[in-house]
Amino acid sequence: MKFFIDTANLEQIREAQALGVLDGVTTNPSLMAKEGITGKNNILKHYVDICEIVDGDVSAEVISTDFEGMIKEGEELAELHSQIVVKAPMIKDGVKAIKYFTDKGIRTNCTLVFSAGQALLAAKAGATYVSPFIGRLDDISTDGLNLISEIRHIYDNYGFDTQILAASVRHTMHVIDCAKIGADVMTGPLSAIEGLLKHPLTDIGLAKFLADYQKGN
Ligand code: E4P
């Protein structure tokens with residue numbers, strides 16, 4: 001299972017990279033704005049800065065909602081760095097753009113996916129990644145993990161290569177449940193990754209080992 005961090009914060013990206021378990025980064029316009037990164041040139045530079053920190057894929061989202069605009073933006077994004085994956089929304093022109101990018105060998109992440117049907121379309125268009133937003137489904141009392149199971153089932157039925165990127169992950173149980181279901185990737189905040197480290201028995205056990213070592217010295 002790949003671990004992506006869902007942020008545009010360079011410090012957090014560096015921290016996750018230093019842990020040695022990071023496989024990539026996802027961003028979106030809201031995450032960029034949260035870091036105060038605005039204006040096209042600053043945003044493009046920020047993507048390059050992120051690529052220089054991590055070894056893996058970095059999703060960069062198009063802002064256009066029409067086919068021509070998405071193609072122009074996506075090609076520009078893809079040329080920025082070999083690690084860039086073009087993120088396009090699950091709308092009609094987004095599906096057409098994903099198909100276009102797929103045919104041109106440009107890797108894509110189909111974002112804002114909330115149903116199995118949408119995920120099926122993304123796979124048919126050849127998306128490299130499909131991003132079902134599990135946290136946002138949970139927010140409206142709909143089981144986000146159930147969507148991951150449905151997509152896993154459908155993709156396995158037909159051997160689609162599209163990787164299931166569980167997005168809008170909010171906490172460690174989302175990560176563990178996605179791993180059990182067989183999501184290929186999860187993207188979440190640093191807290192969800194570092195939260196996996198924690199267990200009180202580890203802390204108690206370590207304190208005891210260190211205390212016992214001191215007794216013998
Ligand atoms: C996915 O790529 C999105 O950036 C992200 O996971 C959205 O998560 P949120 O629902 O926590 O904003």
Side-chain angles (χ1 to χ4, degrees), residues 1-13 16 22-38 43 46-47 49-51 53-54 56-65 70 73-74 77-78 83-91 94-95 97-98 101 106-115 118-119 121-123 125 127-148 151 162-179 181 183-196:
M1 185 190 204
K2 292 186 202 166
F3 276 17
F4 288 0
I5 189 168
D6 196 29
T7 185
N9 182 292
L10 298 184
E11 231 8 82
Q12 291 185 15
I13 294 169
L22 192 66
D23 301 296
V25 178
T26 50
T27 62
N28 64 42
S30 306
L31 293 171
M32 283 286 184
K34 193 173 161 198
E35 298 308 318
I37 314 294
T38 54
I43 291 173
H46 204 70
Y47 284 136
D49 290 345
I50 293 174
C51 289
I53 297 172
V54 299
D57 291 347
V58 175
S59 288
E61 189 157 341
V62 298
I63 307 304
S64 305
T65 52
M70 284 189 207
E73 259 189 78
L77 288 169
Q83 286 164 239
I84 293 284
V85 173
V86 177
K87 203 173 180 189
M90 172 38 77
I91 55 177
V95 173
I98 288 168
F101 290 132
I106 293 174
R107 292 171 312 133
T108 55
N109 176 354
C110 183
T111 190
L112 291 168
V113 167
F114 293 94
S115 76
Q118 291 179 326
L121 267 180
T128 313
Y129 298 103
V130 65
S131 287
F133 279 37
I134 61 175
R136 292 193 193 184
L137 280 170
D138 289 355
D139 289 345
I140 58 158
S141 309
T142 303
D143 186 358
L145 290 168
N146 184 51
L147 176 59
I148 302 294
I151 300 171
T162 300
Q163 295 176 55
I164 302 172
L165 196 175
S168 188
V169 158
R170 301 274 169 79
H171 47 71
T172 55
M173 279 315 294
H174 271 157
V175 180
I176 294 162
D177 286 331
C178 284
I181 293 166
D184 301 288
V185 192
M186 78 85 199
T187 191
L190 183 62
S191 59
I193 297 173
E194 290 191 334
L196 297 170

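For clarity, every value in this text was computed on a predicted model and none was experimentally measured. Remember, it's 1-based here, ligands and their atoms both numbered in the order they're listed.
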Does some side-chain heavy atom of Met186 sit less than 4.5 Å from a side-chain heavy atom of Ile134?
no
Side chain proximity check, Thr111 to Phe133, heavy atoms < 4.5 angstrom
yes
The option among Ser59, Ser131, Gly135, Ser168 carrying the non-hydrogen atom nearest to atom 8 (O) of ligand 1 is Ser168
Measure the shortest side-chain to side-chain distance between Pro189 and Thr7 over non-hydrogen atoms and say whether it is less than 4.5 angstrom.
no
Is the closest N or O pair between Thr111 and ligand 1 shorter than 3.5 Å?
no
min-distance protein heavy atom vs atom 5 (C) of ligand 1 -> Asp6 OD2, 2.8 Å
Nitrogen or oxygen atoms of Lys87 and ligand 1 under 3.5 Å apart
yes
Side chain to side chain, Tyr47 and Met32, heavy atoms closer than 4.5 Å:
yes
If the cut-off is 4.0 Å to any non-hydrogen atom of Ala167, which atoms of ligand 1 fall inside it?
1 (C), 6 (O)
Do Glu61 and Asn28 have side-chain N/O donor and acceptor atoms under 3.5 Å apart?
no
Sub-3.5 Å N/O-N/O distance, Arg136 and ligand 1:
yes
Any N/O pair Arg170/ligand 1 closer than 3.5 Å:
yes
Quick one: are Asp57 and Gln163 in side-chain contact, heavy atoms under 4.5 Å?
no
